[in-house]
2 protein chains.
Amino acid sequence: MDEASFLAGYNPRDYPAVAVTVDVVALTIRDGKLCVLLVERGQSPFAGHRALPGGFVRDEALDEAALRELAEETGLTPGDGNQLDRVHLEQLKTYGDPDRDPRMRVVSVAYLAFAPHLPEPTAGSDAAGAYWVPVDEAKDLAFDHDQVLAEGLERARDKLEYTPLATAFVGTEFTISELRQVYTTVWGEELHAGNFHRKVLSVPGFVESTGETSARGGERGGPKARLYRAGDARLLHPALLRPTREDRVR
Amino acid sequence: MDEASFLAGYNPRDYPAVAVTVDVVALTIRDGKLCVLLVERGQSPFAGHRALPGGFVRDEALDEAALRELAEETGLTPGDGNQLDRVHLEQLKTYGDPDRDPRMRVVSVAYLAFAPHLPEPTAGSDAAGAYWVPVDEAKDLAFDHDQVLAEGLERARDKLEYTPLATAFVGTEFTISELRQVYTTVWGEELHAGNFHRKVLSVPGFVESTGETSARGGERGGPKARLYRAGDARLLHPALLRPTREDRVR
DNA sequence: TCAATACTTCTCAGATTGAGTAAGACTCGA
DNA sequence: TCGAGTCTTACTCAATCTGAGAAGTATTGA
């Protein structure tokens, strides 16, 4: 289509019908593992495969559609004072290869969601077919969802470096250790506890002290730890860089 | 829509028709200024306003649609050995507010393009209505394109820090000074020439020497400079951080 | 009570950064 | 042709940041 016909106005009936959906890569940490929310597909295509939760966009903004899908699959109601209100949602990427869905042209806007510990979706609800799966067991997903998940994980790992995203995985009050465990879980690498501590406290606006102390020490011993909450920084400066970056440079 | 009806199959006729377009934020440096490619709108809505180049997605991948739109508006043919082959294209974000186009629901996938010096689109071609505009003069654009441009610029400024993106704005062979001018132009900040030099050469894979020297010195004096080409790094480590980040942290 | 754990702080050497300086190559205009 | 000004490149140095190790102490489970 040239510029003239573009300006002449839209006539979508001249083009094949396109469906627009949202898919959500919802990540949380359960039992020390990074997990993603998946749904079981009952019907063809990809019957028996698992897929990212998602669905058609209605008369709503794309962000709203993503939050709605997440709410439906987790069984939680947004704005209800539950953990869903603390979920961090951001757009990941849009996937629109002509043959990514065998039935028709589907353009899917993928979202990335970071959540603190959410309850297991309850059976009997709309969310009956959804459950949390450790990311390293989430393979063979329907459509191009393997790729979507992979790109979502890469984005999450990167954002941990230069944004306070890690605080979205813990409760409103947390210890430096809990925060460090988010990093080690998502990155799959151990971090030097002392240096991490120094670094987190030295980045302006990353965390602020509550003045309180945790109720008890670690599971296997150790002293009580001071509690912090997320600060007002939107970017970490200086950033918390991953130790072994050289591998990922080229 | 609940999970059951989602799995039951798509029936897009149950939903309002949605059009999918691509819009391109094409950036280049001309006369020491960061410029964006805009087209003039002749028709309502937003007649007389300028807009980002874009159009409907056909039976093609989204990336292909973006490259095609860019080719049509610049008057260049992809794969033709011209500068278009060196353009770096990446997806920016998808915009889909229900009322962003007054005529119907339009979901637009925005792309960011970084180009070395491209020719001015020639009059008489399809690209007659397109021209390069310094980004600080690109205001009052049609639809939500002010916002799209703003987010594209922010992305470009960020990516200069941790990717070798700057090399996409210069020729295949360039001097360290030319590279530094890309940074100062995009960031709008002066950089210490000596430190920049040291830093660029110390980042593995950022640039590699050609062994050659520029044909002449700077416009107003100075010695000839060594020539480099882009290296094989995809990420800069350590990154080239902007000097005044504190302002942007919260 | 003991051994193990782990929060927090400290130390120290090495690397990196920002700011300044300097030698020499080059351009332009007088 | 010469001199002033410009620019590339390299070097210096103090301040800061980093990674690695270790110390001191509080707390846990056995």
Side-chain angles (χ1 to χ4, degrees), chain A residues 32 161-162 170 173-185 187 189-204 206-228 236-247 249, chain B residues 32 161-162 170 173-185 187 189-204 206-228 235-246 249:
Chain A
E161 291 193 315
Y162 55 92
V170 292
E173 302 200 341
F174 50 87
T175 67
I176 302 286
S177 270
E178 288 171 346
L179 198 60
R180 177 161 47 82
Q181 280 164 43
V182 172
Y183 278 89
T184 57
T185 301
W187 285 348
E189 305 183 68
E190 288 306 310
L191 295 173
H192 184 292
N195 291 342
F196 183 85
H197 202 99
R198 174 181 62 188
K199 192 77 200 267
V200 167
L201 294 185
S202 75
V203 174
F206 191 4
V207 299
E208 54 187 36
S209 175
T210 66
E212 305 289 306
T213 303
S214 59
R216 51 154 296 167
E219 307 222 345
R220 294 173 306 204
K224 292 169 182 166
R226 269 171 254 178
L227 289 172
Y228 297 84
L236 302 185
H237 179 66
L240 267 138
L241 299 179
R242 294 175 69 169
T244 56
R245 287 176 68 87
E246 284 70 20
D247 316 341
V249 163
Chain B
E161 291 193 315
Y162 56 92
V170 292
E173 302 200 341
F174 51 85
T175 67
I176 302 286
S177 270
E178 288 170 347
L179 199 61
R180 178 162 46 84
Q181 280 165 41
V182 172
Y183 278 90
T184 57
T185 300
W187 284 348
E189 305 184 67
E190 289 306 310
L191 295 173
H192 185 293
N195 291 342
F196 182 85
H197 202 97
R198 175 181 62 186
K199 191 77 201 262
V200 166
L201 295 185
S202 76
V203 175
F206 191 5
V207 299
E208 55 186 35
S209 174
T210 66
E212 304 290 305
T213 303
S214 60
R216 51 154 296 169
E219 307 223 346
R220 292 171 308 200
K224 292 168 183 167
R226 271 169 253 179
L227 288 173
Y228 297 84
L235 287 175
L236 302 185
H237 180 64
L240 267 139
L241 298 179
R242 295 175 68 170
T244 55
R245 288 177 68 87
E246 285 69 19
V249 163

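Throughout, a chain's letter reflects where its sequence line sits, starting with A, and its residues are numbered from 1.
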First of A:Arg180 and B:Arg216 reached from the 5' end of DNA chain C, by closest nucleotide = A:Arg180
When we call it a touch if two heavy atoms are under 4.0 Å apart, what does B:Gly217 touch: a base, just sugar-phosphate, or nothing?
-> sugar-phosphate
Separation of C:dA6 atom C1' from A:Glu178 atom CD, nearest Å, is 13 Å
With the side chain of A:Pro223 defined as its heavy atoms from C-beta on, choose the nearest nucleotide among C:dC26, C:dT9, D:dA26.
-> D:dA26
Straight-line distance of A:Leu227 CG to A:Glu178 CD, nearest 0.5 Å | 7.5 Å
Rounding to a whole Å, what distance do you find between A:Arg220:CZ and D:dT27:C1'?
-> 14 Å
May I ask you to decide if B:Val200's main-chain N or O and B:Arg198's side chain share a donor-acceptor pair within less than 3.5 Å?
-> no
Of B:Tyr228 and A:Ala215, the one whose nearest nucleotide on DNA chain D sits closer to the 5' end is B:Tyr228
All N/O contacts under 3.5 Å from nucleotides 17-22 of chain D to the protein, with atom names and distances to one decimal?
from: D:dT18; atom 1: OP1; to: A:Lys199; atom 2: NZ; distance (Å): 2.9
from: D:dG19; atom 1: N7; to: A:Asn195; atom 2: ND2; distance (Å): 3.4
from: D:dG19; atom 1: N7; to: A:Arg198; atom 2: NH2; distance (Å): 2.8
from: D:dG19; atom 1: O6; to: A:Arg198; atom 2: NH1; distance (Å): 3.0
from: D:dA20; atom 1: N7; to: A:His192; atom 2: NE2; distance (Å): 3.3
from: D:dA20; atom 1: N7; to: A:Asn195; atom 2: OD1; distance (Å): 3.4
from: D:dA20; atom 1: N7; to: A:Asn195; atom 2: ND2; distance (Å): 2.9
from: D:dA20; atom 1: N6; to: A:Asn195; atom 2: OD1; distance (Å): 3.2
from: D:dG21; atom 1: N7; to: A:His192; atom 2: NE2; distance (Å): 2.7

Measure from the side-chain N and O atoms of B:Gln181 to the backbone N and O of B:Gly32, and report whether any donor-acceptor pair falls under 3.5 Å.
-> no
Euclidean distance, atom NE2 of residue B:His197 to atom C1' of C:dA22 [Å, nearest integer] = 15 Å
CD on A:Glu212 to NZ on A:Lys224, rounded to 0.5 Å = 12.0 Å
Rounding to a whole Å, what distance do you find between B:Phe196:CZ and C:dT17:P?
-> 13 Å
What are the two closest non-hydrogen atoms of A:Leu191 and A:Pro243, and how far apart are they?
-> CD2-CG, 3.8 Å
To the nearest Å, give me how far apart CG (B:Leu201) and C1' (C:dT16) are.
-> 15 Å
Check A:Leu240 against A:Tyr183 and note the closest heavy-atom contact, atom names and distance.
-> CD1-OH, 3.7 Å
Atom pair distance, as rounded to whole Å: CZ in B:Arg226 and P in C:dC26 | 12 Å
Could you state the atom-to-atom distance from CG of A:Leu227 to P of C:dC7 in whole Å?
-> 12 Å
A:Lys224 has an atom NZ; how far is it from atom C1' of C:dT5, in whole Å?
-> 16 Å
Single hit among B:Thr210, B:Val207, B:Val182 for side-chain contact (heavy atoms from CB on, under 4.5 Å) with B:Phe174 = B:Val207
